[in-house]
Amino acid sequence: DLKEIKNERDNDRKKKARRNESGLTKKQQEKADRYNTIQELKRLGYTQKAVSKTLNISVETVKRNWIEK
């Protein structure tokens, strides 16, 4: 039915609008940026606790992102 097709097209358009040029949602991009920042600070010799304080995030979050993927 035409209404279903229109709704499907509209939903597809909205899904595409939520993603950036890399195909990531805002939340996924934030996680990727945080991971990259943690890895850079790790390379600079920061400890997990120092990274946590610098980025104002929990030590557990740093630990989750400490191991390179």
Is it true that Tyr35 and Val51 fall in one hydrophobic cluster, defined by side-chain heavy atoms closer than 4.5 Å?
-> no
Check for a donor-acceptor pair, side chain of Gln28 on one end and backbone N or O of Thr25 on the other, with a separation under 3.5 Å.
-> yes
Side-chain donor-acceptor contact under 3.5 Å, Gln29 with Asp33 = yes
Taken to the nearest 0.5 Å, the spacing of Arg19 CZ from Lys15 NZ works out to 8.5 Å
same_hphob_cluster(Leu44, Leu55) at 4.5 Å side-chain heavy-atom cutoff | yes
Straight-line distance of Ile57 CD1 to Arg64 CZ, nearest 0.5 Å = 9.0 Å
Taking salt bridge (Lys or Arg N to Asp or Glu O under 4.0 Å) as the test, write out the residues that go with Glu30, two or more places apart.
-> none
Measure the CD-CZ distance between Glu68 and Arg43 for me, rounded to the nearest 0.5 Å.
-> 6.0 Å
Sidechain-backbone polar pair: Gln39 side chain, Trp66 backbone, donor-acceptor under 3.5 Å = yes
Looking just at side-chain N and O atoms, do Arg34 and Thr37 make a donor-acceptor pair shorter than 3.5 Å?
-> no
Crowding at CG, Asn56 (>12 non-hydrogen neighbours, <6.0 Å) | no
Euclidean distance, Asn11 CG relative to Lys16 NZ, rounded to 0.5 Å | 13.0 Å
Would Arg13 and Asp10 pass as an ion pair if we require N to O under 4.0 Å?
-> yes
With no hydrogens and no angle check, is any side-chain donor or acceptor of Asn65 less than 3.5 Å from a backbone partner on Thr61?
-> yes
Heavy atoms, side chains only, cut-off 4.5 Å: are Tyr46 and Ile38 in contact?
-> no
Quick one: does Ser52's side chain have a donor or acceptor within less than 3.5 Å of a partner on Gln48's backbone?
-> no
4.5 Å side-chain heavy-atom contact, Lys3 and Asn7 = yes
